[in-house]
Amino acid sequence: MTGIEMIKFFNTMDRKLEEFKPIHPNEARMYTCGPTVYNFAHIGNFRAYMFEDLLRRTLKYFGYKVTQVMNLTDVDDKTIRDSQAANMSLNDFTAQYKKSFFEDLETLNIEPAEMYPAATGHINEMIALIEVLVEKGYAYQADDKSVYFSIAKFPEYGKLAKIDLENQRSGVRIKNDEYAKDSVADFALWKAWDENDGDVHWESPWGRGRPGWHIECSAMAMRYLGKTFDIHTGGIDNMFPHHEDEIAQSEAANGCTYVNYWLHCAHLMVEGDKMSKSAGNFYTLRECVEKGYDGRELRWVLLGAHYRKKLNFTFAACDQARVALNKFAELFARLKDIKAEGDGSEAEEIVLKAKHAFENGLADDLNISEALAAVFGLQHDANKILNSNNLSKAGAEMILAQYRKFDEVFALFEVDAVKEEVVPAEVMEMAEKRCAARVAKDWATADAMRDQLKELGWVVEDSSDGFKVKKI
RNA sequence: GGCGUGGUAGCCAAGCGGUUAGGCAGUGGUCUGCAAAACCAUCUAGAUCGGUUCGACUCCGUUCCACGCCUCCA
């Protein structure tokens with residue numbers, strides 16, 4: 001069993017690599033900004049969830065007990081707007097996208113968080129938190145009946161994003177006069193009902209309305225993880241204002257540090273550009289699956305670059321992922337065929353080398369490239385021993401066991417998965433006829449049939465003990 | 001305007017002040033009736049101009065280019 005060793009993370013708060021020291025020994029409590037459930041999540045969203053999966057799996061690999069809370073934003077401008085457009089109740093409307101979100105997580109083999117609290121289930125906690133802020137003088141109800149957080153009352157505002165509000169572009173998009181807020185930068189904690197909200201509203205000490213977006217994360221994180229917890233993750237674009245606002249309201253209310261380690265994931269690009277609907281490079285996970293890529297291939301691609309670097313998603317990369325995964329599958333099959341006697345000592349060195357490189361990579365702020373290099377390195381080393389016929393069954397088992405360990409974090413190899421492709425009877429029949437032609441050394445017929453199978457979308461590969469049929 | 005990130009071989013992508021990153025593609029080979037698959041080998045870069053140094057892809061500065069955030073987009 002791998003013990004806990006030093007793990008370093010890049011903390012956005014001070015922009016430095018820091019050794020991870022949890023509040024509770026051997027335990028990591030983390031909060032993750034989850035989806036707004038108004039549509040299918042796209043692959044950019046999943047890059048962030050994939051990073052968080054890598055993070056939680058790595059922590060578990062190193063022996064930490066992980067408690068991860070991921071919120072579901074099921075009430076906001078977009079969910080209200082789109083549920084009305086769909087002529088559905090807010091609950092019914094968001095329920096379908098919550099469901100699809102969990103299906104997508106499963107497709108990508110993303111390990112479930114311990115809790116998925118929904119905003120609409122925690123209105124009371126949010127109201128209670130806002131009440132504290134009002135009592136302490138950090139929040140006020142404006143003429144428009146909404147309750148705002150007063151940034152002027154929290155001097156540390158901007159410490160995460162390193163934003164100095166004095167130097168910000170002002171007046172470009174916001175006409176100050178249109179707002180009832182004391183200051184443009186003040187953000188809504190409670191939004192007073194207006195007719196656009198329809199029947200979506202809750203009662204509160206400030207009248208009917210609904211919570212602002214930021215307060216939900218603070219309220220739910222506090223409820224399930226405590227006033228101070230270890231790790232808060234999210235996309236880089238949520239750093240400001242969302243996470244900054246979370247800090248302000250949480251620390252103002254509690255008088256203590258909200259989060260010890262802030263980890264932010266960079267954006268996903270598509271074919272070199274920012275993903276956008278207008279550019280036509282906007283993909284949901286489902287669309288990628290429809291294009292024929294499976295969850296493991298997409299997982300490989302989304303995991304492919306360090307989380308703090310922009311990742312360029314391309315379908316060429318998906319094809320490469322397929323090739324790579326096939327080679328590993330091939331290796332596992334070869335290893336499982338080994339029968340030779342021996343104590344396995346011939347594999348010890350290469351396995352240990354790979355294990356150390358893998359762990360060093362992960363412990364260094366989740367350096368996925370280093371970890372992957374270790375995984376490929378073991379593939380290469382294992383093949384060399386295989387080719388020299390010096391590998392014993394015990395050695396092969398040792399290597400396979402190491403890949404199972406790798407998979408605790410990568411969840412890509414599925415060392416023991418048996419993937420049986422359903423080959424249609426007519427394809428199988430033709431392949432068998434071709435095999436007979438080969439046995440009869442009728443190469444012309446055999447080659448013609450191979451071409452025919454190819455046209456049907458199947459490739460046939462000969463081997464010493466027969467043939468294999470695979471879908472193209 | 002303010003703050004910030006990055007530019008590495010055909011493509012993707014790391015570490016590192018001097019010693020092979022890794023993957024994909026390509027090329028050569030093994031295997032095969034021919035293929036395919038797989039395996040082995042190989043290809044060896046650091047936007048620009050300066051500086052520091054015995055030595056820089058790695059440190060400092062310049063220029064150029066790309067990108068992100070600046071009120072609710074992971």
Interatomic distance, [X] [atom1] vs [N] [atom2] [rounded to whole Å]:
X: A/L311; N: B/C67; atom1: CG; atom2: P; value: 17 Å
X: A/M239; N: B/C69; atom1: CE; atom2: P; value: 10 Å
X: A/L362; N: B/G15; atom1: CG; atom2: C1'; value: 15 Å
X: A/D237; N: B/U71; atom1: CG; atom2: P; value: 13 Å
X: A/I368; N: B/C12; atom1: CD1; atom2: P; value: 19 Å
X: A/D364; N: B/A21; atom1: CG; atom2: P; value: 19 Å
X: A/N71; N: B/C72; atom1: CG; atom2: P; value: 18 Å
X: A/E370; N: B/U20; atom1: CD; atom2: P; value: 15 Å

Parallel, tilted or perpendicular: which fits the ring planes of [X] and [Y], with parallel below 30° and perpendicular above 60°?
X: A/H243; Y: A/W262; result: tilted
X: A/W206; Y: A/W190; result: tilted
X: A/Y261; Y: A/F9; result: perpendicular
X: A/F376; Y: A/F328; result: tilted

Take atom [atom1] in [N] and the same atom in [M], then report the distance between them in whole Å.
N: B/U5; M: B/C39; atom1: P; value: 40 Å
N: B/C57; M: B/U20; atom1: P; value: 16 Å
N: B/G26; M: B/U44; atom1: C1'; value: 14 Å
N: B/U19; M: B/C24; atom1: C1'; value: 27 Å
N: B/A41; M: B/C31; atom1: C1'; value: 15 Å
N: B/C12; M: B/A21; atom1: C1'; value: 14 Å
N: B/A37; M: B/U27; atom1: P; value: 12 Å
N: B/C59; M: B/A66; atom1: P; value: 24 Å

Position toward the 5' end of RNA chain B (nearest nucleotide), A/D186 or A/G235: A/D186

5'-most by nearest nucleotide on RNA chain B - A/R47 or A/A374: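 Comparing both residues, the 5'-ward one is A/A374.
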
Is_stacked (A/W443, B/G33) at 5.5 Å, 30 deg: yes

Residue pair A/N109 / A/R296, side-chain heavy-atom distance below 4.5 Å: no

Short N-O contact, A/D337 and A/R334, less than 4.0 angstrom: no

Salt-bridge criterion met for A/K99 and A/E103 (N-O under 4.0 Å): yes

If you look at every strand shown and take non-hydrogen atoms under 4.0 Å, does [X] touch a base, only sugar-phosphate, or nothing?
X: A/L386; value: nothing
X: A/K454; value: nothing
X: A/G234; value: sugar-phosphate
X: A/H267; value: base
X: A/H306; value: sugar-phosphate

Derivation and outcome, salt bridge (charged side-chain N to carboxylate O under 4.0 Å, His left out), residues A/R56 and A/E114: CA-CA 11 Å; A/R56 65 152 16 238; A/E114 279 62 32; 2.4 Å; yes

Does [N] pair with anything, Watson-Crick or G-U wobble, both distances under 3.5 Å, and if so, with which nucleotide?
N: B/U58; result: none
N: B/A66; result: B/U5
N: B/A38; result: B/U30
N: B/G15; result: none
N: B/U48; result: none
N: B/A21; result: none

Identified ring-ring contact (aromatic ring centres under 6.0 Å, His included) counterpart of A/F101 within the set A/F40, A/Y38, A/Y49: A/Y49

Residue that, paired with A/H214, satisfies ring-ring contact (aromatic ring centres under 6.0 Å, His included) out of A/F187, A/F240, A/Y148: A/F187

Heavy-atom protein contacts under 4.0 Å, nucleotides 34-44 of chain B, coded B base, S sugar-phosphate only, - none: BBBSSSSS---

Close N or O pairs between protein and nucleotides 5-11 of chain B (under 3.5 Å):
none

Side chain of A/S369 (C-beta onward), nearest among B/C70, B/C73, B/A14: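 Closest nucleotide to the A/S369 side chain: B/A14.
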
Nearest listed nucleotide, side chain of A/F376, among B/C3, B/G23, B/G68: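 The answer is B/G23.
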
Exercise: do A/D76 and A/T79 side chains pair donor with acceptor under 3.5 Å: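 Yes, a side-chain donor-acceptor pair sits under 3.5 Å.
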
Spatial distance of atom CE (A/M269) from atom NZ (A/K309) [nearest 0.5 Å]: 13.0 Å

